[in-house]
Amino acid sequence: MKPLKKAVLPVAGFGTRFLPATKAVAKEMLPVVDRPLIQYAVDEARAAGIEQFCFITGRGKTAIVEHFDIAYELEKSLEERNKADILAELRGLAVTPGSIVTVRQQVPMGLGHAIWCARAFVGDDPFAIILPDDLMQCETSCVAQLAEAYRETGGNVVAIEEVPMERVNKYGVLDIEKDMGRLVSVKGLVEKPPVEKAPSNLTIIGRYVLMPEVMTHLAKLEKGAGGEVQLTDSMAKLIGTQPFHGLRYEGRRFDCGDKLGFLEAQIAFALERPELAPAVRGFLDRYR
Ligand code: UTP
């Protein structure tokens, strides 16, 4: 079995739910407490042993790449002002030279199309997909949990969670073959089904480990729900030819592509920081 070393991070969406904030600033650069969403995503991947990253970018997304570059003048100035803590934090961000590549998705035609843009990067290797607007709060990195499940099952694994039945029409939904608790084997997948036709309320979140064969199906660029090239449709075609499982990951997800999810994430992540938590609790009391 090939080791999991690659991750694809699609960041080419327009982020329309966050306009006007996302008119000139990429959604993935919006901060939760003091770091942008993209940094949480990369840190989560590194904690899972990922060594190579492919950002699927579009117009106006260059700040994402800048964020992982060395800011020489800034570092020099911090050094001169003895700001050792911040300097160490910034230096921790730097990635091994050559470990991030970017691919441009000229037109955002859907998540499936974005992933297909990474086909040369993926080659013949298994790869993780991380949607940075799903922000995870997990004791063990969510990608690491998936990587472990991949080693166990030898095939495709998607992170899943249960949602109230009336909300399944917003997600990719699993048709379950066998529920084994932490892992479920999958016999079908459907993107954004009408509530009455949904096969379950187990939905796919923005973390995946996929086998490279998914690219063969994506290459057909067939449009699905919402007129977009859907990743779910191509993943569904792998079922029966390769192992395909859902993993009930341990932890919490915040949908930071959505205003309420983003606001909740600010509070949840601030409360995890000992230097901020007491003051945050104090001011939250004022809004009861
Ligand atoms: P979303 O469905 O959240 O779309 O994409 P979006 O454009 O980012 O946001 P809204 O819905 O308009 O507010 C999920 C993920 O897939 C990426 C997005 O950048 C995000 O990380 N994506 C989506 C692409 O990279 N390309 C696409 O064509 C579509």
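We count ligands from 1, going down the list as the structure has it; atoms in each ligand are counted the same way. What you see below is based on every heavy atom in this structure, not just the backbone, and it leaves out hydrogens, waters and symmetry mates.
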Contacts of Asp69 meeting side-chain contact (heavy atoms from CB on, under 4.5 Å) (sequence neighbours excluded), chain-then-number -> none
Those residues at least two apart in sequence (or on a different chain) that pass side-chain contact (heavy atoms from CB on, under 4.5 Å) with Ala71 are Leu74
Residues at least two apart in sequence or cross-chain that pass side-chain contact (heavy atoms from CB on, under 4.5 Å) with Pro199, listed by chain then number, are Val173, Asp175, Val190
Tested for salt bridge (charged side-chain N to carboxylate O under 4.0 Å, His left out) against Asp134, the lone hit among Lys27, Arg207, Arg253 is Arg253
Is the closest basic N to carboxylate O distance between Glu152 and Arg182 below 4.0 Å?
yes
At a 4.0 angstrom heavy-atom cut-off, ligand 1 is contacted by Pro10, Val11, Ala12, Gly13, Phe14, Gly15, Thr16, Arg17, Lys27, Glu28, Gln105, Pro108, Met109, Gly110, Leu111, Ala114, Pro132, Asp133
Distance under 6.0 Å and angle within 45° of the ring axis: does Lys61 meet both against Phe55?
-> no
